[in-house]
Number of protein chains: 2
Amino acid sequence: MDTPFRLPPLDPPDAAEPGAPRRGHTAAILAAAERVFARGGFDAARMAEIAAEAGLPKANLHYYFGTKERLYRAVLEDIITQWLDAAAAWIVPGRPPAEALSGYIGAKLADARARPGASRIFAAELLGGARLVMPFLAGELRRRVSEMSAVIDEWAARGLIDRIAPAHLFFCIWAMTQTYADFDVQIRAVLGPETTEDETFAAAAATVTQLVLRGCGVRA
Amino acid sequence: MDTPFRLPPLDPPDAAEPGAPRRGHTAAILAAAERVFARGGFDAARMAEIAAEAGLPKANLHYYFGTKERLYRAVLEDIITQWLDAAAAWIVPGRPPAEALSGYIGAKLADARARPGASRIFAAELLGGARLVMPFLAGELRRRVSEMSAVIDEWAARGLIDRIAPAHLFFCIWAMTQTYADFDVQIRAVLGPETTEDETFAAAAATVTQLVLRGCGVRA
DNA sequence: GACCGGGTTGACCGCGCGGTCAAGAACCTG
DNA sequence: CAGGTTCTTGACCGCGCGGTCAACCCGGTC
């Protein structure tokens, strides 16, 4: 369930890491790093800024994480770990498609709202060519998608939904839900200041589920 | 039609700019800049790299564009200019909804395929908080969306499609089509090396149009 | 050819940032 | 309290990058 996902080590194998204490501070650093990386991605982030946000001297971050890249990797692992299970919880053969799909969409939208920084960091990583998460994409994620695709295909075979390319259906669901985290500036700017966040996410949920449920021809 | 969109000047009003020549080289610089900005966004881009890619000494870029930020702004203006008209060409009241929507989706997907860099630069700009394009989002784009929303609402009023929140419909269409440019690493990794680009985009077009047309309940 | 102005360029500069370090503080363990 | 180990931190360093500059090239004009 919450086994942390490990990005394969890049160059030197992740440093001794003895049974050391590594107490409280690391959590504060990770949280601050997630916030800072979320605005502007890896290159725009400043170690000094993360340190300030965490209320610690810069040298302390280096004590715990060594380099900026390793801190970044730790943040990414956190995000991936949290992500991998949302899909597995909803897209299962037993569940009726209407419930599974709308539940999944709702969960993804709620996540986009609650933790937009995570989504944005991942987006920036992909935009930048996915140098770090490539192994995850081609490995674990690919495997998960093919499992979930089997579920979709089975629903179609049982006549519960229309035929559709399952992988692309997921690409579309991810795109639509995460756009509300990644590009929320655009959404807020277009909808204008008079639209509340509640309204936005309610309309988003209605629209996305309508597109997906009817688009897949889900029988009620 | 192709009136270049101008981002409002930031600090000093865009430098004298006399009736000067400004010949060929600027185009080469802009093209190189688009390519370099596309991988990694503003901060990751190096002026020296752009110069190398354009086959010019770095000092030459500064001669034409002054600062990195101004060069970046020029690239963004290029992109926005090209973008504004795709929607206006397809989403018009006269056209039957099925044709308009599938045409628009096709055009956006073709653009994502042909010029992924442009989409990625814009995505990175939004992720980074849209410091430069904010006026565009809240101004011109917002206006266009409300115009296009009127078209959607009119189709719904005439019973040609179901009721749907028009702005969110556009957010979803943009998200689904641009994901094929922005996150193509992820898509390629998940689909695996045996899937060709042609297959990918054919399936993408089929899936997105199916979701949108049926999702909106477009009558044939 | 002399002059001029836009264009071109290699060499240079300053600073901001990631990373280091060495001198302690704090905390265990006997 | 002595000795060792884990943390903490201000001060420092080097380099990579955006930006500058002054010398130069070159086509046009009289």
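Atom set for the values below is all heavy atoms of this structure, side chains included, hydrogens, waters and symmetry mates excluded. Within every chain, numbering begins at 1; the chains are lettered A, B, ... in the order of the sequence lines, protein sequences first and strands thereafter.
- The backbone N or O of A:V133 lies less than 3.5 Å from a partner atom in the side chain of A:E125, making a donor-acceptor pair.
- Contacts between residues 29-37 of chain B and DNA chain D, defined by a heavy-atom separation below 4.0 Å, involve no residue at all.
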Identify each atom pair where a protein N or O and an N or O of nucleotides 17-22 of chain D are less than 3.5 Å apart, giving names and distance.
from   : atom 1 : to    : atom 2 : distance (Å)
D:dC17 : O3'    : B:R46 : NH1    : 3.3
D:dG18 : OP1    : B:A45 : O      : 3.2
D:dG18 : OP1    : B:M47 : N      : 3.4
D:dG18 : OP1    : B:K68 : NZ     : 3.2
D:dG18 : OP2    : B:M47 : N      : 3.0
D:dG18 : N7     : B:K58 : NZ     : 3.4
D:dG19 : OP2    : B:K68 : N      : 2.6
D:dG19 : N7     : B:K58 : NZ     : 2.8
D:dG19 : O6     : B:K58 : NZ     : 2.5

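- Rounded to whole angstrom, the span from the CG atom of B:L61 across to the C1' atom of C:dG7 amounts to 14 Å.
- Nearest to the side chain of B:P57, among C:dT8, C:dT9, D:dT8, sits C:dT9.
- Look at CG on B:N60: it is 16 Å from P on C:dG6, rounded to the nearest Å.
- A donor-acceptor pair under 3.5 Å is absent between the side-chain atoms of A:R144 and the main chain of A:A88, judged by distance alone.
- For the ring pair (Phe, Tyr, Trp, His ring centres under 6.0 Å) condition, the pairs that include at least one residue of residues 102-127 of chain A, sequence neighbours left out, are A:W83-A:F122.
- Going from atom OH of A:Y63 over to atom C1' of C:dG24 covers 14 Å, rounded to whole Å.
- Residue pairs meeting the salt bridge (charged side-chain N to carboxylate O under 4.0 Å, His left out) criterion with at least one partner in residues 51-63 of chain B, sequence neighbours excluded, are B:R35-B:E53, B:R39-B:E53.
- Remark: B:E199 engages no residue in a side-chain hydrogen bond (donor to acceptor under 3.5 Å, both in side chains) (not counting sequence neighbours).
- Side chains of B:H168 and A:Y180: a donor-acceptor N/O pair is present below 3.5 angstrom, by distance only.
- Of the N and O atoms on the side chains of B:R120 and B:Q178, not one donor lies less than 3.5 Å from an acceptor on the other residue.
- With sequence neighbours excluded, the residues that form a side-chain hydrogen bond (donor to acceptor under 3.5 Å, both in side chains) with A:E99 are A:R95.
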